[in-house]
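Notes follow the structure.
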2 protein chains.
Amino acid sequence: MERNVPSIMLVDDEADILEFLAYNLRKEGFSVHCARNGEEAVALAATFRPDLIILDVMMPGNDGYETCRRIRSLPDMGRTVIAFLSARGEDLSQIEGFEAGADDYIRKPVRPRVFISRVRALLRRNPSGREEPARLVYGDLEIDRERYIVIRNGIETDLSRKEFELLVLLASKPGKVFTRDEIFTGVWGNDVVVGERTIDVHIRKIREKTGTGSIRTIKGVGYCFS
Amino acid sequence: MERNVPSIMLVDDEADILEFLAYNLRKEGFSVHCARNGEEAVALAATFRPDLIILDVMMPGNDGYETCRRIRSLPDMGRTVIAFLSARGEDLSQIEGFEAGADDYIRKPVRPRVFISRVRALLRRNPSGREEPARLVYGDLEIDRERYIVIRNGIETDLSRKEFELLVLLASKPGKVFTRDEIFTGVWGNDVVVGERTIDVHIRKIREKTGTGSIRTIKGVGYCFS
DNA sequence: GTGAATGTTAACATTGTGTTTCCTTTCGCG
DNA sequence: CGCGAAAGGAAACACAATGTTAACATTCAC
């Protein structure tokens, strides 16, 4: 019933940062596991095989690079994206990070919005296919997730961010009926504070731009892309 | 043979909130137990092993975190999902909650619709596997719960919401005779009062759309899917 | 700061579901 | 076989859910 939510593992010895990041990710609907040190991280990674691992470079004992290598050497870990968290001034360490098998670097201090969009971008890199590819093509409709545009019969149309995220959510499972609640958590995150009617307005705008036939209403239930 | 209804335990010292939540959950057909404090909560949890526990953070004496830890340390409690209730502004405490073994937090004030859908989502997380598959196939009839359609001999048919919910209920146990009362509580919930004849009308529409043979009438008792 | 683009709310129009009503048909039982 | 209760069926109604528009609020780039 629920969308296959991407899972993320956070590894940091500082509880504050862990909490902060986990809170922001969960709010966006991601599944989050936390580890306090390298040992825990390797064990958790082996168990949950997260789609994305965010790893602090500086940790007591077994440091980030070592942990990264050990995780990379686990079986079936090729599809997992690993990103390092590093404080300012540790620039030199970047090279060692990439050598250890990291895919990206995230600089502290972390700002929530930037962080979340970075995470999404990283998940898109994940070849496991849990997150859709950059371009989705359905009949005469093409959705380009990188450029935030929709191409219908060769005509490009801009969508706003919310419009686009909503469309992408629906299009991620054509035919599936998304309830209003699923749409809220999928697009707005877990603690929703917008009115019930907001979705309708966005749906209308999407229909206006992509053609009426693209989204079907199932009264009393929700909407569905077809 | 009754349907295996998910059980939920509510823990809060404020009677108002307890009643409000219990009322809304029972209306949706859940089995609800309430506790006023940590002691009661631990005892009840041990006895009933609910599928989901919703725990207020702020309680006199033994607070929510401590209660959560004690519940988590009970035997066979691994499959239980625990969620915290917290008021706005307690942001930091949410994180302590996760450390204490919580799976999610719910912000006050609680809005019934959002709350219910959140509860359903949490129950779905429960690995006990009670969740039902998206597609049910019976002979030449296929019910696609994800797409809200019925396929008979390859022909897709739309059902309205009530029609669909009723059909899904009957089809969840083929051969079982559902009494009218069971149908009412299963589809309409516990406190909705509608006329006796309403069910008949929906049954008629379902038969119209899915073929006469799908639902059998047991006069004086109820209906049965076959 | 300022203005444009986006997001949200509010108000009204419209649609279709859900329910009721009323009448007909079927079934169970003596 | 006839009677009454229960269910089938068709239509009408009420109302909740959604469509639509415009005003208002917010965000973001410049």
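Chain letters run A, B, ... following the sequence lines, proteins first, then strands; residues in each count from 1.
With sequence neighbours excluded, no residue forms a salt bridge (charged side-chain N to carboxylate O under 4.0 Å, His left out) with A:Asp158. Under the side-chain contact (heavy atoms from CB on, under 4.5 Å) criterion, B:Ile151 pairs with B:Glu142, B:Ile149, B:Glu156, sequence neighbours left out. The salt bridge (charged side-chain N to carboxylate O under 4.0 Å, His left out) check on A:Glu208 picks up A:Arg204, with sequence neighbours excluded. Residues forming a side-chain contact (heavy atoms from CB on, under 4.5 Å) with B:Lys219 (at least two apart in sequence, or on another chain): none.
Spacing between atom CD1 of B:Ile206 and atom P of C:dT17 amounts to 13 Å, rounded to whole angstrom units. Remark: P of D:dA17 and CZ of A:Arg204 are 22 Å apart, rounded to the nearest angstrom. A:Glu208 has its CD atom 13 Å from the C1' atom of D:dA22, to the nearest Å. Rounded to an integer number of Å, the gap from CD1 of B:Ile203 to C1' of C:dG18 is 14 Å.
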Review item, nucleotides 1-3 of chain D N/O atoms under 3.5 Å of protein N/O:
none

Give each protein N/O atom lying under 3.5 Å from an N/O atom of nucleotides 2-9 of chain C, with the pair distance.
| unit_1 | atom_1 | unit_2 | atom_2 | d |
| --- | --- | --- | --- | --- |
| C:dG7 | OP1 | A:Arg161 | N | 3.4 |
| C:dG7 | OP1 | A:Lys162 | N | 2.8 |
| C:dG7 | OP2 | A:Ser160 | OG | 2.1 |
| C:dT8 | OP1 | A:Trp188 | NE1 | 3.1 |
| C:dT8 | OP2 | A:Trp188 | NE1 | 3.3 |
| C:dT8 | OP2 | A:His202 | NE2 | 3.3 |
| C:dT9 | OP2 | A:Gly195 | N | 2.5 |
| C:dT9 | OP2 | A:Thr198 | OG1 | 3.0 |

Indicate every side-chain donor-acceptor pair of residues 193-201 of chain B with a distance under 3.5 Å to a residue at least two apart or in another chain.
| unit_1 | atom_1 | unit_2 | atom_2 | d |
| --- | --- | --- | --- | --- |
| B:Arg197 | NH2 | B:Asp200 | OD2 | 3.1 |
| B:Thr198 | OG1 | B:Gly195 | O | 3.2 |
| B:Asp200 | OD1 | B:Arg180 | NH1 | 3.0 |
| B:Asp200 | OD1 | B:Arg180 | NH2 | 3.2 |
| B:Asp200 | OD2 | B:Arg180 | NH2 | 3.2 |

Would you be so kind as to tabulate the donor-acceptor pairs closer than 3.5 Å made by side chains of residues 12-25 of chain B, with sequence neighbours excluded?
| unit_1 | atom_1 | unit_2 | atom_2 | d |
| --- | --- | --- | --- | --- |
| B:Asp12 | OD1 | B:Glu14 | N | 3.0 |
| B:Tyr23 | OH | B:Asp191 | OD2 | 2.9 |
| B:Asn24 | ND2 | B:Phe20 | O | 2.8 |

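Salt bridge annotation for A:Glu182-A:Lys173: absent, with no cationic side-chain nitrogen under 4.0 angstrom from a carboxylate oxygen.
Side-chain contact check for A:Thr179 and B:Arg120: no donor-acceptor pair (N or O, by modelled atom type) lies under 3.5 Å.
Residue pairs meeting the ring pair (Phe, Tyr, Trp, His ring centres under 6.0 Å) criterion with at least one partner in residues 204-226 of chain B, sequence neighbours excluded, are B:Tyr138-B:Phe225. Sequence neighbours left out, the pairs with a member in residues 146-171 of chain B that pass ring pair (Phe, Tyr, Trp, His ring centres under 6.0 Å) are B:Tyr148-B:Phe164.
Within residues 216-226 of chain B, the residues that have a heavy atom under 4.0 Å from DNA chain D are, in order of number, B:Thr217, B:Lys219, B:Gly220, B:Tyr223.
Atom OG1 of residue A:Thr157 and atom CD of residue A:Glu163 lie 10.5 Å apart, to the nearest 0.5 angstrom.
Taking five base pairs at each end of the helix from C:dG1-D:dC30 to C:dG30-D:dC1 and finding the rotation axis that steps the C1' atoms of four pairs onto the next four gives two axes whose angle is 40°, to the nearest 10°.
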